[in-house]
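Written out below as structure tokens is the structure these notes cover.
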Amino acid sequence: MTTLADPVPGGRPGDVERATALSAELTGRGVHGIVLAYVDTAGIGRVKTIPTAKLASAAAWGVGMSPVFDTFLANDSIVSTDVLGSPDGDLRLYPDLDHLAVLSGQPGWAWAPVDRVTQEGERHSGCGRTLLRRIVADAAERHGISFKAGVEIEWAVGEGSAPGDDFAPAVSGPAYGAARQVELSDCTAELLAALAAQGVDVDQLHPEYAAGQFEISVGALDPVAAADRSVLVRQTIRAVSQRHGLRVSFAPAVFAEGVGNGGHVHLSAWREGRSLHSGGEGRYGMTAEAESFAAGLLAHLPALTAVTAPSPASYLRLKPSQWAGVFTAWGRETRESAVRVITGTAGRRAQAANLEVKPVDLAANPYLALSCLIAAGLDGLESSAALPDEITGDPARFGAEEAATRGVRRLPTSLDEAVEEFRKDELLRAALGPVLADAVIAVRLGEIAAVAGLDDGQVAAAYRWKY
Ligand code: GLU
Ligand code: MG
């Protein structure tokens, strides 16, 4: 369960004692250092590390890190907003002890996600993790609703020995192929063992469609824990693969052409232990609230892409007929509509029903993405938004007129378009708050400028190894 209170200087009651005991236990287990992890606005995982003996001090007083990373770009250059991007100031990183994991893929290391707090002990308005925790707490208070979420992870496995920044797939067997599974047998077995030792509940691991591609899905958790887990699982995949001489890419598009890496988000809303997506009077057992929640997602999706598909490379992936879901449409078990309604198998629907949002990739900061997805859905729920008719099959087949009649819109085809949609979406900007909303815009414009003049192949190459 995610701790709902924000960290404070000196530590919340019991934190320091707990960290002291934990650091002794970790030292006994051969853990020398702890990775303190967060994700910046551009979607890059950033870290500081501390020796294990400093865990109690970090729980009490945090660890220093500049707020400037909120306006870093994927290429490590820096843009600025009215309040962010200055070389001045400092923040404190507070590890969340509830989510600390010993890293089996990196012997000697443990890992913990952090909340970022000002030196005065106040919430840092650029901290996506704090934001998500508050959005979840607010939904519980206002609507009695809680959420479960899961982020699917797709990645491409390349040979570590490929020259320069080239990608040479480490496997050649077919999509979903038995041959490809055998080719990566040792590495994936070690990966499953590492994730199990870290307490990660893996649902499935399979060879995916694109060259060298695999996918892992994990059990649903509360949204903050799901975002943490998505970061931890990627850290583990990278570490285990590297020990096998492999290099992994979570980039939305490893190449300009073909199927990319998605980071589909599964989301379900619950009240008093009952799913809103099952046992209702609406379509496929959805309650009226669940239908309106889905309608809210659809309505905000064009603007959401600025957060869920934040890289210029994201738009190389977001193409029709590649299962990335680039149309504002929903359907049961559809793979070309942005929102896939999953009812689950007969007998298990009360637990399994959920919504899958497809136009999300792993360049997205998962805390910001989940914050905005929940805010969009709740906007629909609060306004009792009507869910349009279901669309089955590939919406790409509709001509302009039919698409318009059915309310089907193509999602932005470039990051520029996504930013324009985001600027117009007051609800999403308010959900992020002015500091993060401005950071999102500044960082996206920075990424757009960084790739000016590059062709698609060069854009894919520029981001291939960043995420
Ligand atoms: N790789 C596809 C994407 O970019 C998804 C494939 C699938 O449905 O799992 O979203
Ligand atoms: Mg997949």
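Bear in mind the structure is a predicted one, so any value in this text is a computation, not a measurement. Remember, it's 1-based here, ligands and their atoms both numbered in the order they're listed. We use all heavy atoms of the structure for the numbers below, so side chains are in, but hydrogens, waters and symmetry mates are not.
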Requested in this report: Indicate whether any N or O donor in one side chain lies under 3.5 Å from an N or O acceptor in the other, for His264 and Glu154.
Outcome: no
With Asp70 as partner, the option from Asp438, Thr41, Val79 fulfilling side chain to side chain contact (heavy atoms under 4.5 Å, CB included) is Thr41
> Judged by non-hydrogen atoms, does Glu152 sit under 4.0 Å from ligand 1?
Replying inline: no
Less than 3.5 Å apart, any donor N or O on the side chain of Gln322 or Glu336 sitting next to an acceptor on the other?
no
message: Pairing donors with acceptors under 3.5 angstrom, does anything connect the side chains of Arg332 and Thr343?
response: yes
Looking only at non-hydrogen atoms, the one of Glu154, Glu336, His264, Lys358 nearest atom 10 (O) of ligand 1 is His264
Within 4.0 Å of some non-hydrogen atom of Val259, the atoms of ligand 1 are 1 (N)
- Task: On the 0 to 90° scale, with breaks at 30° and 60°, tag the Tyr463-Tyr467 ring pair as parallel, tilted or perpendicular.
- Result: parallel
N/O/S of Glu215 less than 2.8 Å from the Mg ion (ligand 2)?
yes
Per residue Glu208, nearest N, O or S atom to the Mg ion (ligand 2) is named OE2
(message) Over 60° means perpendicular and under 30° means parallel, so tell me whether Phe147 and Phe293 are parallel, tilted or perpendicular.
(response) tilted
Ligand 1 to Gly260, heavy atom cutoff 4.0 Å, flagged ligand atoms 1 (N), 4 (O)
So the atoms of ligand 1 within less than 4.0 Å of a heavy atom of Arg317 turn out to be 3 (C), 4 (O), 10 (O)
Note: ligand 1 atoms sitting under 4.0 Å from heavy atoms of Glu215 are 9 (O)
Restricting Glu154 to its N/O/S atoms, the closest one to the Mg ion (ligand 2) is OE2
for atom 9 (O) of ligand 1, nearest protein heavy atom and its distance come out as Glu208 OE2, 3.1 Å
If you scan protein heavy atoms around atom 8 (O) of ligand 1, the nearest is Trp323 CE3, 3.4 Å
Close aromatic pair by centroid cut-off 6.0 Å: Phe214 and His206
no
**Request:** Find out whether the Lys NZ or Arg CZ of Lys358 is both under 6.0 angstrom from the six-membered ring centre of Trp323 and within 45° of the ring's axis.
**Result:** no
Ala324 heavy atoms within 4.0 Å reach ligand 1 at atoms 10 (O)
